[in-house]
Number of protein chains: 2
Amino acid sequence: MTDNPSPPAGRGVRPPTLADVAEAAGVSLITASRILNPGVRGTRSGSQERRRKVQDAAQALGYTVNPAAQTIAVGAARTIALIVTDIRDFGSATIMAGVMAAAESRGMSVAVRTTHDDPVRELEIVRALRGERHRGVIIATSRTTDEPRESRFRQELSSLEDSGARVVVIGDSTLPFARVTVDTESAAAELATQLALTHHRIAILAGPEGEVTSLERVTGFEAGLAAAGLSPIAVMHGEFSRDGGYAAVYDLQARLADVDLVAAMSDAMAVGAIVALNEIGFRVPDEMTVSGFDNVPLLADLLPGFSTVAMPLEQFGEACLDRILEDASDRRNNETVRLRADVIVRPKPHRSLP
Amino acid sequence: MTDNPSPPAGRGVRPPTLADVAEAAGVSLITASRILNPGVRGTRSGSQERRRKVQDAAQALGYTVNPAAQTIAVGAARTIALIVTDIRDFGSATIMAGVMAAAESRGMSVAVRTTHDDPVRELEIVRALRGERHRGVIIATSRTTDEPRESRFRQELSSLEDSGARVVVIGDSTLPFARVTVDTESAAAELATQLALTHHRIAILAGPEGEVTSLERVTGFEAGLAAAGLSPIAVMHGEFSRDGGYAAVYDLQARLADVDLVAAMSDAMAVGAIVALNEIGFRVPDEMTVSGFDNVPLLADLLPGFSTVAMPLEQFGEACLDRILEDASDRRNNETVRLRADVIVRPKPHRSLP
DNA sequence: TCTCGATTGGATAGCGTTGTCCAAGCATAG
DNA sequence: CTATGCTTGGACAACGCTATCCAATCGAGA
C-alpha cells in the first residue's frame, strides 16, 4: 500500500500504469486493458462486477492510458498529422480548427507541423512522419508548379503512404493522392462576372507565380472576365500577404488612373492594396474598388462594400478525416472530393453626405 | 536483399526499424541506436567507419526514429503540450506559433489541445496529459476567478507536475506554478493615461466578468484614468469578441451621448463596437474614438488613429520553453517571468476634406 | 612486459500496452 | 449425462527503442 518504490513526491512519481490498476482491482493486466481501452473489437467487455472494480481502481489511481505504449503495441497511433505553411495565416488556423474538431469527434488527436514554405524542411517533416505511425497525413500547404520540388515531395509522400498512413491533399495540385478541393475556379469566375457588371478596367493582384492557389484563382477570375467580354488591364504578382498587396499596387502605380477595380487574390493583399491606394491618393471605395479572396472575418465589418470569396475552410476537417478513415479497401480510390466556395458580393455603400 | 517478408507494396510495408539498419550496417542494434539517436549523454559516438556505415544504411533504408518507442523506453516524450481556448483566436494562434518555433529549436514538438472554454473538457485534457509523458505543459487559456473551478484545475495540474511534466502558466492567475506574464496592468494604465489627455468621458467595454485577463486590463485602465483624475462613465461586460463588443455598445446606447471614448479591452470587441456605433449613428473616429487591446495586425491599416496595446505573444514561446527545460534543481523556483507589452497610441488622423 | 584506465561494442532487461492463442466456465441441445 | 458452442480470463510474446551493465580492446605509463 504505502511501500511505493518511487520517491513519494516531487519530480518523477511514475504515473499509474495498467499493471497498477490491475493489481489494485485484483484482475490480470489483460483484463484491465480490455475493460479500460476497448479496441476496435468492442466485444470482450467483461462481467459487470469486474468492470466496476477495474474502473473504480482506475479512477482511484488516476490512471490514464499511455498513448505511446499503445502506438508501439498496435503499430499505429491514433493521430493525424497536419502540415501547414504557417499557423498564423488565417486559412491555416481555420483549417486546423476544423481538422482538430473532426479528429476529436473520432477519438484522434492532431499533430501540426509547419513548413514555413521551405522545400527542404517540408521534405524533412514528411520523412520524419514515417516513423511516427500516424493514421493519416493532411497536406494543407500551398503547392507549386515547381516540378522537381513537387516530384521529390510526391516521392516522400508515397513512401509515407506505403507505410500505412493515408495521405490527403487539400486543394488542387499535381500530387496523386486523395484530394479535398474547392471549386475555386468557378467561384473566382463568378466573382469576376459579378464585379464586371459595374467595373470594366480591372487590375489583378495575383499571388506568387507558380503557386497553385494563385494560379487557379487568377485563371478563374480571368475566365469570369472573359465571359463578360473583358480582360484584365494588368496582372501583378506578389506575396499573398498584406505587404505583397501593398508592393503590388506601387508596382502598378503608373497605370492606376486607368483602373476602377483592384482585384486582389487574397484578403490580406487587399488590405495592403487599400493602404497603398490611400497613400497614393485614391480613396477606397469611393474612387477605387478593391476586392479580395478568403473572407477574413473582421474585413466584412471594416470594409463596406468589400467583395470576396468565402472558402469552406472548416469543412476540410470533416472531409479529410472521412477520406483518411474510409475503408482500407477504398484506398487508391483517389476520387477528388470537391467542396463549394461562397461568392460574397457586397454592393458599394451609398455615400451619406457628412 | 529482395526476400522482403512484408508485402512488396500497398498497405502496410512496415517502416524500417533500428534493427533493420543495424543488420544492414553489420553492427549491433545498440550501436546503431547510439549513432543515430544520441541521447543526452552525447558521448559514445562510435568510430568513424562505423558511424558512416550506420548512417549510410539508415539513409538507404529511409529509417526515421519512432518517437513513440523512444517515449516508452525513456519514460518521457520530447514534446510540450500547449493548452489554448480556441486556435482561431488571434492570441492563441500567435502564442502557438511562438511556442512551436521555440520548441523546434530545442528539438521538441508541440501537442496542441483546445478547451473551448469548457471547464469539464479542460480537466479531461489535463488528466489525459498525464499518460502522455510530456516534458512540459503550457497553459494559455484565460483563467477565471471561479475558485472551485480553478481549484479543481490546480489539483489536476499538480498531479501532472508530480508525474514529471513541468507546468507553465501564461498570464496571471491563482495557479501556483511557474508563470510567464505580461505587465498588462501598467500597459493598460499607460494607454488610459495617454488617451485621457484628449478624452474625458470614457466608457470601458470589458471582457467577461470573472476572467482574469479582463480584470487586469480593466483594473490597469481605471488606474490610469484615476491618475489623470478621471473615472469611467460606464463599464460594460461582454464576450471578448466582435459580437461581444457589438452587444456591449447597444447596452450602452442610452449613455452614448455623454461618451467621447469607447475603450474596448480587446481589438475584436473594438471592431464590434465600431460597427454598432456606426449603426447607431456615431461616425468613428470623427465623432467617437474607439480604442482596443491586442494589436491585431490588419486593424492598424484599416482603423486610422486606432490605439491599442501590443502583447508580446510570440515571445511567450521562448520564455515558456526556458522555464520548462531549466535545470530540474530549479524547479519549485516559481518565480514569475514578466514580459513587456507595448502601448501603441496613434494620433487621430487629420480630416482631409473631400 | 605488465598493469591500469579509458574507450568502445554488445547482451540483457525493461518501458506500457495489445494481439494471439489457450484453457476454463457455463448454458444449451442432443 | 455428454457433446457443443459461446463467453470469459489469462499467459506469453511482441512492438521499437534505450539504460545498464559487462566484456573486449587499446594506448600509455611503470
Side-chain angles (χ1 to χ4, degrees), chain A residues 5-6 12-23 25-54 58 61-78 128 130-133 163-164, chain B residues 5-6 12-23 25-51 53-54 58 61-78 128 130-134 163-164:
Chain A
S6 323
V13 177
R14 183 177 55 73
T17 70
L18 262 184
D20 301 328
V21 175
E23 190 189 339
V27 301
S28 80
L29 188 147
I30 317 299
T31 305
S33 169
R34 286 202 272 248
I35 291 177
L36 292 176
N37 310 316
V40 256
R41 28 170 42 75
T43 175
R44 314 276 315 237
S45 52
S47 69
Q48 276 298 348
E49 192 204 340
R50 277 167 186 261
R51 285 192 68 76
R52 243 190 18 87
K53 274 208 297 194
V54 170
L61 272 66
Y63 169 81
T64 59
V65 68
N66 180 330
Q70 279 185 320
T71 298
I72 72 156
V74 175
R78 297 190 63 78
R130 213 177 326 148
E132 300 179 13
R133 307 294 197 276
S163 79
Chain B
S6 323
V13 177
R14 183 178 55 73
T17 69
L18 260 185
D20 300 328
V21 175
E23 191 189 338
V27 302
S28 79
L29 185 141
I30 318 299
T31 305
S33 168
R34 287 201 272 246
I35 291 177
L36 293 176
N37 310 316
V40 255
R41 24 171 44 75
T43 175
R44 314 279 310 237
S45 52
S47 69
Q48 277 297 347
E49 191 203 339
R50 278 166 185 260
R51 286 190 68 74
K53 276 208 298 193
V54 169
L61 271 64
Y63 169 80
T64 58
V65 66
N66 180 330
Q70 280 185 319
T71 297
I72 73 157
V74 175
R78 297 190 63 78
R130 214 177 325 150
E132 298 178 14
R133 307 294 197 275
H134 296 283
S163 80

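Per chain, numbering begins at 1; letters A, B, ... match sequence-line order. All of these numbers come straight from a predicted model, not from anything done at the bench.
Projected onto DNA chain C by closest heavy-atom contact, B:Ile72 and B:Thr31 fall at different nucleotides, the more 5' of which corresponds to B:Thr31.
Evaluation of the side chain to side chain contact (heavy atoms under 4.5 Å, CB included) rule for B:Ser33 yields B:Leu18 as partners, not counting sequence neighbours. For A:Thr71, there are no side chain to side chain donor-acceptor pair (under 3.5 Å) partners, not counting sequence neighbours. Under the side chain to side chain contact (heavy atoms under 4.5 Å, CB included) criterion, A:Ala73 pairs with no residue, sequence neighbours left out. The side chain to side chain contact (heavy atoms under 4.5 Å, CB included) test applied to A:Pro16 returns A:Asp20, A:Leu61, A:Tyr63, not counting sequence neighbours. Scanning for side chain to side chain contact (heavy atoms under 4.5 Å, CB included) contacts around A:Ala76 gives A:Arg135, with sequence neighbours left out. Not counting sequence neighbours, the partners of B:Arg130 by the salt bridge (Lys or Arg N to Asp or Glu O under 4.0 Å) test are B:Glu156.
D:dC15 atom P lies 14 Å from atom CG of B:Leu18, rounded to whole Å. Between the CZ atom of B:Arg50 and the C1' atom of D:dT25 there is a distance of 12 Å, given to the nearest Å. Per the geometry, CD1 belonging to B:Ile30 stands 10 Å off C1' belonging to C:dA13, to the nearest Å. The distance from atom CG of B:Asn37 to atom P of C:dC15 is 21 Å, rounded to the nearest whole Å. Atom CG in A:Leu29 sits roughly 13 Å away from atom C1' in D:dA13 (whole-Å rounding). Note: CD1 (B:Ile35) to P (C:dG9) measures 7 Å, nearest angstrom. The distance between atom CG of A:Leu36 and atom P of C:dG16, rounded to the nearest whole Å, is 16 Å.
Between its two ends, the helix from C:dT1-D:dA30 to C:dG30-D:dC1 turns its axis by 50°, counting five pairs per end and rounding to 10 degrees.
In the set D:dG16, C:dT18, C:dG16, the nucleotide with an atom closest to the side chain of A:Arg133 is D:dG16. Taking every side-chain heavy atom of B:Arg14 into account, D:dG16 is the closest of D:dC12, D:dG16, C:dG10. Checking D:dT18, C:dT17, D:dG16 against the side-chain heavy atoms of A:Ala73 singles out C:dT17 as nearest.
Side chain A:Arg34 to base D:dG10: a donor-acceptor pair is found below 3.5 Å.
Proximity of residues 63-70 of chain B to DNA chain D (heavy atom under 4.0 angstrom from any strand atom) is restricted to B:Tyr63, B:Val65, B:Asn66, B:Ala69, B:Gln70.
For B:Arg50 against B:Val27, the heavy-atom pair with the smallest separation is NH1-CG1, 3.6 Å. When all heavy atoms of A:Gly131 and B:Thr64 are compared, the closest pair comes out as N-OG1, 3.0 Å.
Put simply, the side chain of B:Val54 reaches to within 4.5 Å of the side chain of B:Val21, judged on heavy atoms.
Close to C:dG9, at under 4.0 Å from its OP1 or OP2, lies no side-chain N or O of B:Ser28.
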